[in-house]
Amino acid sequence: MMLRRGFILFLPRVVGLLVVACCSMSIVYMLACTPRGDNQQLALPRVHSPTVKEGYEAIVQEREEQHRNYIISLKKQIAQLKAELQGRTEQLKNMQNQYPDSLDIRLDHSKPENAQANLLAFLRSQIDKAEVHSGVKLSTEYAAVPFESFTLQKVYQLETGLTRHPEEKPVRKDKRDELIEVIELAVGSLNKPDGVSKAKPHVYTASDFVEGIYRTEKNKGTLYELTFKGDAKHQFKKIVLFRPFGPVMKVKNENVNMADTLINVIVPLAKRASKFRQFMQNFREMGIQQDGRIHLTVVYFGKEQMNEVKSILENTSKSANFKNFTFIQLNEEFSRGKGLDVGARFWKGNNVVLFFCDVDIYFTAEFLNSCRLNTQPGKKVFYPVLFSQYNPSIIYGHHDSIPSLEQQLIIKKETGFWRDFGFGMTCQYRSDFINIGGFDLDIKGWGGEDVHLYRKYLHSNLMVIRTPVRGLFHLWHEKQCLDELTPEQYKMCMQSKAMNEASHGQLGMLIFKQEIETHLHRQKLSSKKT
């Protein structure tokens with residue numbers, strides 16, 4: 001009993017000593033571990049102060065309160081981050097449920113103010129900004145962003161410079177991977193069941209791919225238009241894809257039936273009967289025999305050599321059983337714009353694709369399909385960039401003989417160039433040509449009328465498809481720049497004449513021919529002396 005009472009009396013002293021020891025340890029810990037600022041000193045009570053115990057307890061209590069508040073603040077921030085993360089996760093799940101496949105996204109143009117509400121809305125807004133659904137008004141002929149065309153094997157590009165080839169096998173990994181991805185994605189989309197047709201679907205493969213065009217608008221994305229073989233002859237599948245600097249999105253998937261789409265080839269002509277005979281050989285093989293959905297309109301100026309031209313036309317008609325041609329004769333000075341305008345307006349049938357052509361042009365049946373596929377009334381006009389042939393006498397001067405015309409039509413840096421400054425060869429529906437106002441008939445002679453019409457289309461809401469094509473060639477011929485041309489026309493004619501002759505390297509060899517021969521002569525003399 002006494003021991004118990006003594007223990008009870010001794011217990012408060014023990015507790016007091018333990019409290020003092022704990023406080024001392026806390027103060028030592030704070031002195032050792034708490035960093036001090038330049039102007040901050042830890043205010044401690046003096047050791048011999050009568051309030052030392054209370055001072056220590058106040059310091060410990062204040063420090064504990066600070067730590068407690070800091071821990072509470074951290075917990076609140078963690079809770080807020082968790083809530084935000086959970087909200088983002090739920091939002092992503094909802095978006096994935098709503099759009100399970102980026103290819104199945106349907107574009108909503110009804111609320112553009114919400115276009116950037118989330119990532120997918122932003123990507124869709126990129127399509128709205130890009131020239132995908134309709135054309136945009138452009139200021140000059142240089143403002144149009146050209147397409148580049150490609151097949152499974154090659155890419156046909158415009159910006160060749162002096163060291164690059166006008167056709168490039170997509171050996172660069174980035175370009176190869178990009179185009180393979182687009183073709184595979186298009187094939188997968190074509191093979192995706194639509195849930196409507198009960199007939200056995202046609203299974204598409206990469207071998208069904210015919211050709212494609214693409215261009216990149218640097219602040220929007222890359223637009224791809226791919227053409228595949230359809231279920232029957234003259235039928236195609238066309239799929240449009242857009243990469244808005246993110247996942248490729250399907251814009252549309254449509255059947256394109258070109259079986260009944262007629263092309264009216266309009267050729268203005270004055271004299272040049274021998275060139276017209278060569279043109280008709282190409283027209284017969286590619287237009288009549290291989291394509292078959294074609295009409296020819298020849299607008300002839302004057303009477304000189306007219307009978308010879310009409311005879312060539314009539315002989316082709318008889319031998320090929322071809323009746324779809326029109327011959328129009330005008331007794332006036334030659335004007336290319338006037339001839340094309342008269343030929344286009346002379347047509348009295350249904351709306352037709354017009355191909356404005358020249359007598360020194362060679363085209364393939366594949367190009368005629370490209371002409372159809374890249375035009376749409378009220379929507380699109382086609383301005384192909386053709387490949388212009390250099391002077392064969394210069395190119396093949398070191399050969400025993402000049403190859404045949406078909407063997408010359410090779411797209412290489414040494415044989416020609418992309419005629420990206422020319423806008424004369426174009427395809428458009430007659431309705432678009434009439435609605436735009438046709439050619440400026442005040443322009444006489446050579447050049448200028450094509451640029452004027454091109455600018456009209458650029459200033460409209462029609463989409464201008466500008467791309468190099470592998471099936472359209474400008475055949476070399478000696479160009480005569482007449483004195484009666486205006487200074488601007490004469491300058492354009494001389495520039496065209498200079499570029500037509502040969503490549504930079506070949507012209508350089510001609511300029512330095514004397515130096516080269518002198519060097520070879522010195523080498524021979526030196527070898528004889530030794």
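Given the structure is predicted, the values throughout are model-derived calculations rather than measurements. This chain uses plain numbering: 1 for the first residue, then up along the sequence. The figures here come from the full heavy-atom set of this structure, side chains too, leaving out hydrogens, waters and symmetry mates.
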Any side-chain heavy atom of V464 within less than 4.5 Å of one from F382?
no

What's the shortest heavy-atom distance between P392 and I402, and which atoms?
CB-CG2, 4.0 Å

Find out whether V469 and V385 are in side-chain contact, i.e. whether some heavy atom of one side chain is under 4.5 Å from a heavy atom of the other.
no

Determine, step by step, whether K380 and E225 satisfy the salt bridge (Lys or Arg N to Asp or Glu O under 4.0 Å) criterion, reporting the C-alpha distance in whole Å, the side-chain angles of both residues, the deciding distance to 0.1 Å, and the verdict.
CA-CA 13 Å; K380 294 190 292 187; E225 294 189 18; 3.6 Å; yes

For residues Y214 and E148, is any side-chain donor paired with an opposing acceptor at under 3.5 Å?
yes

Under a 3.5 Å threshold, yes or no: a donor from one side chain and an acceptor from the other, between N307 and Q305?
no

Determine whether the side chains of H295 and N264 contain a donor N or O and an acceptor N or O closer than 3.5 Å.
no

Checking S311 against E314: is there a side-chain donor and acceptor pair closer than 3.5 Å?
no

For D260 and R372, run salt bridge (Lys or Arg N to Asp or Glu O under 4.0 Å): C-alpha distance rounded to whole Å, both residues' side-chain angles, the deciding distance at 0.1 Å, then the answer.
CA-CA 11 Å; D260 299 322; R372 295 182 178 95; over 6 Å; no

Aromatic ring proximity, centroids under 6.0 angstrom, Y390 and F417:
yes

Could you tell me if E211 and S149 have a donor-acceptor pair between their side chains, going purely by distance under 3.5 Å?
no

Between F150 and F209, is the gap from one ring center to the other below 6.0 Å?
yes

Using a strict cut-off of less than 4.0 Å between a Lys/Arg side-chain nitrogen and an Asp/Glu carboxylate oxygen, indicate whether E449 and K338 qualify as a salt bridge.
no

What I want to check is whether the side chains of N500 and R419 have a donor and an acceptor closer together than 3.5 Å.
yes

Crowding at CE, M306 (>12 non-hydrogen neighbours, <6.0 Å)
yes

Counterpart residues, salt bridge (Lys or Arg N to Asp or Glu O under 4.0 Å), relative to E217 (two or more places apart)
K220

Do K137 and S460 make a side-chain contact, defined as non-hydrogen atoms from C-beta onward lying under 4.5 Å apart?
no

Please say whether more than 12 non-hydrogen atoms of neighbouring residues, nucleotides or ligands are located less than 6.0 Å from CG in N350.
no

Show your working on ring-ring contact (aromatic ring centres under 6.0 Å, His included) between F322 and F283 and close with a plain yes or no.
CA-CA 11 Å; F322 178 70; F283 183 87; 5.7 Å; yes

Crowding at NZ, K275 (>12 non-hydrogen neighbours, <6.0 Å):
yes

Answer yes or no: is there a side-chain heavy-atom contact under 4.5 Å between V309 and F327?
yes

So, F433 versus F439, ring centres under 6.0 angstrom or not?
yes

Say you draw a straight line from CD1 of I213 to CD1 of I465; how long is it, rounded to the nearest 0.5 Å?
5.0 Å

Can you confirm whether or not the ring centre of H202 sits under 6.0 Å from the ring centre of Y204?
yes

Are Y224 and V240 packed together at the side-chain level, in the sense that at least one heavy-atom pair is separated by less than 4.5 angstrom?
no

Would you tell me whether N255 and K237 have side-chain atoms, one donor and one acceptor, within less than 3.5 Å of each other?
yes

Closer than 3.5 angstrom, by distance alone: can the side chain of R215 be matched with the main-chain N or O of R466 as a donor-acceptor pair?
no

Do the two ring centres, one from F367 and one from F355, sit under 6.0 Å apart?
yes

If we only count heavy atoms from C-beta on, is the Q290 to E285 side-chain gap below 4.5 Å?
yes

Is a side-chain donor-acceptor pair under 3.5 Å present for T364 with R470?
no

Which residues share a disulfide bond (SG atoms under 2.5 Å apart) with C357, sequence neighbours left out:
none

Quiz: residues 403-410 side-chain donor-acceptor pairs under 3.5 angstrom, not counting sequence neighbours:
from, atom 1, to, atom 2, distance (Å)
S404, OG, Q407, OE1, 3.3
Q407, OE1, S404, N, 3.3
Q408, OE1, Q389, NE2, 2.5
Q408, NE2, P403, O, 2.8

For G337, does its backbone N or O pair with a side-chain atom of D341 as donor and acceptor, under 3.5 Å?
no

Okay, side chain of T316, backbone of I312: is any donor-acceptor separation there less than 3.5 Å?
yes

Around F421, counting heavy atoms of other residues, nucleotides and ligands shown, do more than 12 lie under 6.0 Å from its CZ?
yes

Rounded to the nearest 0.5 Å, what separates atom CG in D440 from atom CG in D450?
12.0 Å

More than 12 heavy atoms of other residues, nucleotides or ligands under 6.0 Å from NZ of K271: is that the case?
no

Worked check of side chain to side chain donor-acceptor pair (under 3.5 Å) between R243 and T216
CA-CA 9 Å; R243 186 195 299 274; T216 299; over 6 Å; no

